[in-house]
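By convention here, the first residue in the shown sequence is residue 1.
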Amino acid sequence: MNQQLTSIKNQLRKGHCEEAIEALRHLLETEASTATAAQTAQLYYLLGNAYRKQGDWQGALNNYQEAVARDAHSPAASARDMVMDILNFYNKDMYNQ
């Protein structure tokens, strides 16, 4: 699984988010039952990162929350808080007047 994660991280760095999402979903379907909670949390964290890079804030938050639920010490906790800060700062009504 480590080699697959390295490949997925490279895809994310290159901006190939759809490919990364597909690979992460596949790993979650096939590996989650045998992976540790921390490993599964890492998959959800990376999935959240992929959605965030696409601008899908809800998808990012959902996956970060799932990662935190599986591992409270996951870096997804900080990422989730950062996304919430961004969304709380963004005022849609200001642009619709």
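- In this structure, Glu22 and His26 have side chains that are not in contact, with every pair of non-hydrogen atoms separated by 4.5 Å or more.
- Residues Asn63 and Tyr45 have side chains not in contact (no heavy-atom distance under 4.5 Å, counting atoms from C-beta outward).
- Nearest approach of Ser74 to Ala67, heavy atoms of both residues: OG-CB, 4.0 Å.
- For residues 54-73, the set of pairs meeting the salt bridge (charged side-chain N to carboxylate O under 4.0 Å, His left out) definition, not counting sequence neighbours, comprises Glu66-Arg70.
- Leu24 contributes atom CG, which lies 10.0 Å from atom CD of Gln4 (distance to the nearest 0.5 angstrom).
- Other residues, nucleotides and ligands place more than 12 heavy atoms under 6.0 Å from the CG atom of Asp85.
- Here CZ of Arg13 is found 7.5 Å from NZ of Lys9. Values are rounded to the nearest 0.5 Å.
- In this model, a donor atom of one side chain and an acceptor atom of the other lie less than 3.5 Å apart for Asn49 and Tyr64.
- When hydrophobic clusters are built by joining Ile, Leu, Val, Met, Phe, Trp and Tyr residues whose side-chain heavy atoms come closer than 4.5 Å, directly or via intermediates, Tyr51 is grouped together with Leu28.
- The side-chain heavy atoms of Gln65 and Tyr44, taken from C-beta on, include no pair separated by under 4.5 Å.
- Checking Glu31 against Gln39 by side-chain atom types alone, no donor-acceptor pair falls below 3.5 Å.
- The two atoms that bring Leu5 and Leu46 nearest to each other are CD2-CD1, 3.7 Å, heavy atoms only.
- When all heavy atoms of Ile21 and Ala50 are compared, the closest pair comes out as CG1-CB, 3.5 Å.
- Hydrophobic cluster membership is shared by Leu43 and Leu12, with clusters built from Ile, Leu, Val, Met, Phe, Trp and Tyr side chains linked at under 4.5 angstrom.
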